[in-house]
Amino acid sequence: MEIERWERSEEISDAEKKVIQEIWSRVYANCEDVGVSILIRFFVNFPSAKQYFSQFKHMEDPLEMERSLQLRKHARRVMGAINTVVENLNDAEKVSSVLALVGKAHALKHKVEPIYFKKLTGVMLEVIAEEYPNDFTPEAHGAWTKMKTLIYTHVTAAYKEVGWAQ
């Protein structure tokens, strides 16, 4: 079976890791606000993703979402997981382990379709690029594209490992 190009993880060079970590240090300084912005855009652009969240699946208004304590809590968890990955980009085993836990939990406990990780990481890049335009050079975009592919590849590998079938 041909794996689509998007799903093949490309090696992230040391220079690219440094770019990712430098930008992320600024992003993570505002982790809750950026995380909330990412989730709100994700849910506005992909409203079907809300079905997995009983606490805010009926919310339509972005302002209501922004005020939701449950959404803020989930945003902090998402950003914390990404932070662990970014901090450990030089430790492939740790990155794989963290993303495997995320993937398995979302496959087995939450029953989330894996395609939502591709959509969420795409939204994450859009928001970071908009919030930090001076930092998001073409080189940074390339590095972050590899980062989103790394996340999606590892998460979907965990889905396959637990026998996810739709």
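In this text, all values refer to a predicted model and were calculated from it rather than measured experimentally.
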- Task: Please name the residue in the list I38, V36, V27 that meets the side-chain contact (heavy atoms from CB on, under 4.5 Å) test with V127.
- Result: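 Result for side-chain contact (heavy atoms from CB on, under 4.5 Å) with V127: I38.
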
- Positive for side-chain contact (heavy atoms from CB on, under 4.5 Å) with I128, one of E131, M124, E130, E126: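 Testing each of E131, M124, E130, E126 against I128, the sole residue satisfying side-chain contact (heavy atoms from CB on, under 4.5 Å) is M124.
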
Got [X] and [Y] here, is their nearest side-chain heavy-atom distance under 4.5 Å?
{"X": "I12", "Y": "I20", "answer": "yes"}
{"X": "T121", "Y": "T149", "answer": "no"}
{"X": "M65", "Y": "L39", "answer": "no"}
{"X": "V44", "Y": "P62", "answer": "yes"}
{"X": "Y132", "Y": "V34", "answer": "yes"}

Please report the shortest heavy-atom distance between [X] and [Y], naming the atom on each side.
{"X": "V98", "Y": "A81", "result": "CG1-O, 4.2 Å"}
{"X": "W164", "Y": "V112", "result": "CH2-O, 3.6 Å"}
{"X": "Q70", "Y": "F56", "result": "C-CE2, 3.8 Å"}
{"X": "A75", "Y": "G35", "result": "CB-C, 3.5 Å"}
{"X": "Y28", "Y": "G80", "result": "OH-CA, 3.9 Å"}

- Task: Please lay out, stage by stage, how R72 and E32 fare under the test side chain to side chain contact (heavy atoms under 4.5 Å, CB included).
- Result: CA-CA 7 Å; R72 289 189 164 278; E32 187 172 322; 2.6 Å; yes

May I ask whether [X] and [Y] are part of the same hydrophobic cluster, defined by side-chain heavy atoms of I, L, V, M, F, W, Y residues being less than 4.5 angstrom apart, directly or through others?
{"X": "I115", "Y": "V162", "answer": "no"}
{"X": "Y52", "Y": "M59", "answer": "yes"}
{"X": "L101", "Y": "I151", "answer": "no"}

Spacing of [atom1] belonging to [X] relative to [atom2] belonging to [Y], to within rounding of 0.5 Å:
{"X": "T145", "Y": "E16", "atom1": "OG1", "atom2": "CD", "result": "9.5 Å"}
{"X": "K17", "Y": "K146", "atom1": "NZ", "atom2": "NZ", "result": "10.5 Å"}
{"X": "R41", "Y": "F46", "atom1": "CZ", "atom2": "CZ", "result": "10.5 Å"}
{"X": "L89", "Y": "T84", "atom1": "CG", "atom2": "OG1", "result": "11.0 Å"}
{"X": "L71", "Y": "I40", "atom1": "CG", "atom2": "CD1", "result": "6.0 Å"}
{"X": "E87", "Y": "I82", "atom1": "CD", "atom2": "CD1", "result": "12.5 Å"}

- Message: Between W144 and W24, does the side chain to side chain contact (heavy atoms under 4.5 Å, CB included) criterion hold? Intermediate values first, please.
- Response: CA-CA 10 Å; W144 275 94; W24 185 254; 3.5 Å; yes

- Relative to Y116, does K119 satisfy both conditions: NZ or CZ under 6.0 angstrom from the six-membered ring centre, and within 45 degrees of the ring's axis?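 Yes, K119 lies over the aromatic ring of Y116.
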
- Task: Specify whether F43 and F53 have parallel, tilted or perpendicular ring planes, treating 30° as the upper limit for parallel and 60° as the lower limit for perpendicular.
- Result: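 Taking F53 first and then F43, their aromatic rings stand perpendicular (interplane angle over 60°).
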
Please answer whether the main-chain N or O of [Y] pairs with a side-chain N or O of [X] as donor and acceptor at a distance below 3.5 Å.
{"X": "Q21", "Y": "V86", "result": "yes"}
{"X": "T156", "Y": "Y152", "result": "yes"}
{"X": "S37", "Y": "D33", "result": "yes"}

- Query: Under 4.0 Å between a Lys/Arg side-chain N and an Asp/Glu carboxylate O for E60 and K50?
  - Reply: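 A salt bridge links E60 with K50.
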
- Considering only NZ, NE, NH1 and NH2 on the basic side and carboxylate oxygens on the acidic side, decide whether E22 and K18 come within less than 4.0 Å.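 So E22 pairs with K18 through a salt bridge.
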
- Query: When you look at M147 and V85, which way does the side chain to side chain contact (heavy atoms under 4.5 Å, CB included) test go after all the steps?
  - Reply: CA-CA 9 Å; M147 175 71 174; V85 170; 3.5 Å; yes

- Could you tell me which residues satisfy salt bridge (Lys or Arg N to Asp or Glu O under 4.0 Å) with R77, sequence neighbours excluded, listed by chain and number?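 Residues passing salt bridge (Lys or Arg N to Asp or Glu O under 4.0 Å) with R77: none at all.
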
